[in-house]
Structures are given as C-alpha cells and as structure tokens.
Amino acid sequence: MQSDVDIEFISRYASAAGRSTTSNRRTVVYITRDSITYIMTKFHLKAAKYGKDKVRFLKVVRDPVDPKHQDVVEMTVRVLLEGDIEKSYTEADNSVVVPTDTVKNTVNILAKENPVTPPELFAATLANHFPTKYPHIHGTSVSIIVHRWTRLSIDGAEHPHSFLRDGEEKRLVTCTYKRGEAFHITSGISNLLVLKSTNSAFHGFHECDYTTLKPTNDRVFSTEVEATLTHQPYNTLAAISIAAKSLEAYYQRARNTTLKIFAQDNSASVQATMYKMCEDILTHCPGVEEVAYALPNKHYVAVDLGAFGLDNSTPGKQEVFLPLADPSGLITATVSRKP
Ligand SMILES: O=c1[nH]c(=O)c2[nH]c(=O)[nH]c2[nH]1
C-alpha cells in the first residue's frame with residue numbers, strides 16, 4: 001500500500017461493499033478491481049437516488065351500480081429509487097438502471113390496478129413495488145400532490161360527474177420505504193389560504209429601542225397553511241391498507257381542525273393559535289406522532305386616511321387595509337408527544 005489514506009479508502013470501500021471481514025480485532029480486506037478503481041479516483045458516490053418527477057394522471061372511479069356517478073382523483077407523483085445503482089454513475093454501466101420511463105409507466109399501471117385513495121395507501125403501494133420487483137433496488141421515496149376537484153352542486157343537488165377547482169390548496173403525501181424496514185408516511189396540507197377580519201390580537205410582546213409595532217386587540221389575520229402530519233411507522237403494506245380509513249380521517253381532522261381553530265380561536269398570536277391546532281390533532285389522531293405547521297403572517301395594514309379627514313386608524317374604525325405582498329411573518333412549530 002502506498003499510504004495510510006489508501007488503506008482507509010480500501011477499508012471503507014470494502015466494508016461498504018461487504019468485502020471485508022473482522023475477527024479477533026483484525027480486518028481482512030478483499031481487494032478487487034472495483035476497489036482499485038475506487039482508490040484511483042479518490043472520490044466516492046456519497047448518495048444517489050433517481051426516478052421520475054411530475055408524473056400526472058387523473059383517475060375516474062365509476063360507481064359499479066350507477067357508472068355515470070363518478071369520482072375523480074388527479075395526482076402529480078414523484079418516485080425516486082435507490083439501491084445498487086452506483087456503477088451507473090461511476091462506470092457508465094446502465095445495466096442497473098430501471099429507466100425512469102419504466103418508473104412512469106409503473107405509476108400509471110399501479111394507478112389502474114389499485115385504489116388511489118387515500119393517497120397515503122397509493123404512495124405506500126408505489127413505495128413497496130420497486131424494492132419488491134427489483135432485487136437491486138433497496139428503497140423508494142414517493143411524493144404525491146393531490147389536486148382539488150370538488151363535486152359541483154347544481155340547484156342544491158350534488159352533480160354525479162362534474163367538479164370544480166375550488167382554490168389552489170393541495171394535499172401532500174410522502175412515503176419512504178427501504179426493504180426490511182418500516183414505511184414512513186407524512187400527510188400534508190399546503191396553499192390553503194385563509195383570512196379572518198377580527199378576533200386576532202397581538203400585544204404584550206418584547207419592546208426595545210428598535211420597536212415600532214403598536215399592540216393591537218383587533219387585526220386582520222391571514223395565512224397560507226402548510227401543515228405536515230408524521231404518522232407512526234407502519235411495518236407492512238397490509239398494515240397501511242388496514243389503517244387506510246384512519247389515515248384519511250387523520251387528514252380530514254387536521255384540515256377541519258386547522259379551519260375551525262383558525263376561525264373560532266380568539267387569537268393571541270399566530271404562535272398560540274398554531275399550538276392549539278397541533279394539540280387538537282395529536283389528541284384526536286392516535287396514529288399521528290408529530291404535527292408541524294408553517295404559517296406566514298400575511299400582513300394587512302390599515303391605510304392612513306387622516307389627511308382626508310377620515311378616521312381609518314382608531315381600533316374599530318379600521319375598514320380599508322393594504323395587503324402587503326412582503327415581507328410576511330413566518331411562524332413555524334413542530335409538536336410531538338412527550339416520551
Ligand atoms: O402573531 C404574531 N406573532 C409574531 O411573532 C409577530 N411579530 C409581529 O411583528 N407581529 C406578530 N404577530
């Protein structure tokens with residue numbers, strides 16, 4: 001060997017590749033052509049995943065009794081694979097590459113053959129598929145965006161097959177899975193824009209020589225909700241299938257709680273209101289381990305109309321506000337159960 005560094009390189013490569021044995025505090029390293037190539041380059045592939053992003057589909061689900069009564073689900077899916085794929089990067093050997101085109105086809109095929117709701121179950125179905133089908137693929141990371149299609153109501157009656165895009169809110173799901181380990185699932189809400197015109201205060205805050213903010217008992221509170229639920233790990237796809245109803249219920253509870261507490265809380269601050277939301281979700285969703293929120297405080301500032309003899313500044317008289325595009329506050333929190 002030329003140097004200690006090379007020995008360290010060889011040992012690290014050999015143990016990563018399962019080409020070393022240790023007994024009686026002695027490590028025996030098997031040197032192969034791969035390990036020599038590896039040493040010569042002086043670099044190593046620290047992490048790699050690949051797959052298809054932005055795979056979009058709409059699934060039409062027909063009622064078996066009344067086929068004109070339908071549901072629709074529109075998703076944008078990302079699937080990334082990891083495993084023994086190193087030589088596709090380091091040796092230009094594509095034999096280990098399941099093409100991203102195949103990954104895209106798989107999303108469509110599995111969407112045809114399986115339920116796509118709740119999205120947590122479909123994400124896990126996809127995550128499970130690749131390490132099960134391809135021995136050299138060890139893990140999958142799936143992210144799904146569910147786009148809103150809300151059933152149309154015509155003259156007070158729900159229409160059987162017509163839908164409305166009511167806002168840019170998205171439902172987000174992630175599932176990561178490594179063969180032999182548990183499925184890790186998150187469910188999220190994003191781009192849910194809300195505003196309340198009173199019952200929001202902010203006073204008693206820290207004041208110093210840099211403070212200009214005035215305490216208020218009555219302000220506009222608007223935010224664009226980003227919330228993430230981290231579910232307990234699930235050991236098998238079958239367990240997720242059994243929990244499918246609960247996973248759907250947890251997401252619905254989180255969304256309803258967010259809206260209800262936003263509307264009903266006499267807010268002392270974004271921080272305090274957000275914490276109440278987290279407490280409610282953790283109380284009612286036993287399979288949720290952790291709740292995280294990121295809430296921008298989208299400021300609305302009362303316009304000063306004093307120059308025109310109009311009182312738009314006294315509390316209770318503020319009516320015309322300037323929506324500030326930026327800056328906004330940004331309040332985040334992650335709340336979990338005490339051990
Ligand atoms: O609810 C709020 N939290 C803050 O931390 C903050 N800071 C600020 O200027 N306004 C507000 N409002």
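Order of appearance sets the numbers: ligands from 1, and atoms from 1 within every ligand. Numbering starts at 1 and runs along the sequence shown.
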All side-chain hydrogen bond (donor to acceptor under 3.5 Å, both in side chains) counterparts of E74, not counting sequence neighbours: R56, W149
Check for me whether the distance between the ring centres of F183 and Y234 falls short of 6.0 Å. no
I'd like to know if R171 pairs up with E248 as an ion pair, taking the criterion as any Lys NZ or Arg NE/NH1/NH2 lying under 4.0 Å from an Asp or Glu carboxylate oxygen. yes
Contact residues of ligand 1 (heavy atom under 4.0 Å), by chain and number: F202, L213, R219, S269, V270, Q271, N297, I331
Pair E319 + K317: basic N to acidic O under 4.0 Å: no
side-chain contact (heavy atoms from CB on, under 4.5 Å) against T198, all qualifying residues, sequence neighbours excluded: D218
Only pairs under 3.5 Å count here: list side-chain donor-acceptor contacts from residues 105-114, not counting sequence neighbours, and write none if there are none.
{"unit_1": "T106", "atom_1": "OG1", "unit_2": "T102", "atom_2": "O", "d": "2.6"}
{"unit_1": "N114", "atom_1": "ND2", "unit_2": "L110", "atom_2": "O", "d": "3.0"}

